[in-house]
Amino acid sequence: MSDPTLLPAVGVATALGVALGGALGWLAAHVRPDRRALVERIDALLPQTQCGQCRFPGCRPYAEAIAHGTADIDRCPPGGEATVRALAALLDRPPRPVDPDYGPTKPPLVAVIDEARCIGCALCLPACPVDAIVGAPRFMHTVIEAQCTGCELCLPPCPVDCIAMASPARAVRAASSAAPDR
């Protein structure tokens, strides 16, 4: 036969287990992790090129899509494998190669304008998502290298193909050799 003093203790333990399980279930269903903080952390890992290669209009919308589970972590060619590994570590997912459907992974580049060929059409100005191009209509334009993300969005609108992409060190040499002697 069972011990009559043990029965209340088992009842209390069972009731406590049911109550604790119910509370944890409610918390899991109603308390969501702070998505904004996760989006901020994901966005901080992205290269901020704002190039749109991921097929989102910029790095922040891509970060939001990753956080909401509507985009995978392998869509950022400018960030390359290092960015995919960092995102995988943050989100506790296995790393994967950058999806080639979103473009080739390249070393960092910056735009360089051949100022002698620039006609001042200003079509490159609105194309630059970070305002790294300085100029006015009918005047020569130039690129502020420190602001240029290498997104290449300025290339297609240029009607005279005076914009090229170069490594940051080559861009400095090209700009200094094109500058007039003082």
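Being a predicted model, the structure only gives us computed values, none of them experimental. The figures that follow rest on heavy atoms only: side chains count, while hydrogens, waters and symmetry mates do not.
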N/O donor-acceptor pairs under 3.5 Å from side chains in residues 149-163, not counting sequence neighbours:
from	atom 1	to	atom 2	distance (Å)
T149	OG1	T49	O	2.9
E152	OE1	K106	NZ	3.3
E152	OE2	K106	NZ	2.7

- prompt: Any ion pair linking R75 and D101 (charged N to carboxylate O, less than 4.0 Å)?
  reply: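 Result for this pair is no, no salt bridge flagged.
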task: In plain terms, say whether E40 and R36 are close enough for a salt bridge, that is, a side-chain N and a carboxylate O under 4.0 Å apart.
output: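 Looking at E40 and R36, the cut-off is not met.
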Let me check something: do [X] and [Y] share a hydrophobic cluster, defined by ILVMFWY side-chain heavy atoms less than 4.5 Å apart, either directly or through other members?
X	Y	value
V143	L125	yes
L38	I73	yes
L45	I42	yes

task: With sequence neighbours excluded, tell me which residues meet side chain to side chain contact (heavy atoms under 4.5 Å, CB included) with C59.
output: D43, L46, Q48, Q50
From [X] [atom1] over to [Y] [atom2], what is the distance, rounded to the nearest 0.5 angstrom?
X	Y	atom1	atom2	answer
C51	Y102	SG	OH	12.5 Å
I144	C128	CD1	SG	9.0 Å
R138	C121	CZ	SG	11.5 Å

- request: Would you please test R96 and D72 for side-chain contact (heavy atoms from CB on, under 4.5 Å) and show each step?
  value: CA-CA 10 Å; R96 49 192 303 163; D72 212 337; 2.6 Å; yes
field: With M165, the side-chain contact (heavy atoms from CB on, under 4.5 Å) member among V110, L109, V112
entry: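 Exactly one candidate clears the test, L109.
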Side-chain donor-acceptor contacts of residues 78-91 below 3.5 Å, not counting sequence neighbours, with atom names and distances?
from	atom 1	to	atom 2	distance (Å)
E81	OE2	V98	N	3.1
T83	OG1	G79	O	3.0

message: Can you give me the closest heavy-atom contact between C118 and F139, atom names plus distance?
response: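 Reported closest heavy-atom pair: SG-O, 4.4 Å.
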message: Less than 4.5 Å apart, side chain to side chain, heavy atoms only: is that true for P104 and P77?
response: no
message: Take a 6.0 Å sphere around CZ of R41 and say whether it holds more than 12 heavy atoms from other residues, nucleotides or ligands.
response: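 Not buried by this count: 12 neighbours or fewer within 6.0 Å.
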message: One pair to check against side-chain contact (heavy atoms from CB on, under 4.5 Å): T142 and E115. What are the steps and the verdict?
response: CA-CA 7 Å; T142 193; E115 295 171 356; 2.8 Å; yes
Donor-acceptor contact present, side-chain H68 to main-chain I66, <3.5 Å: no
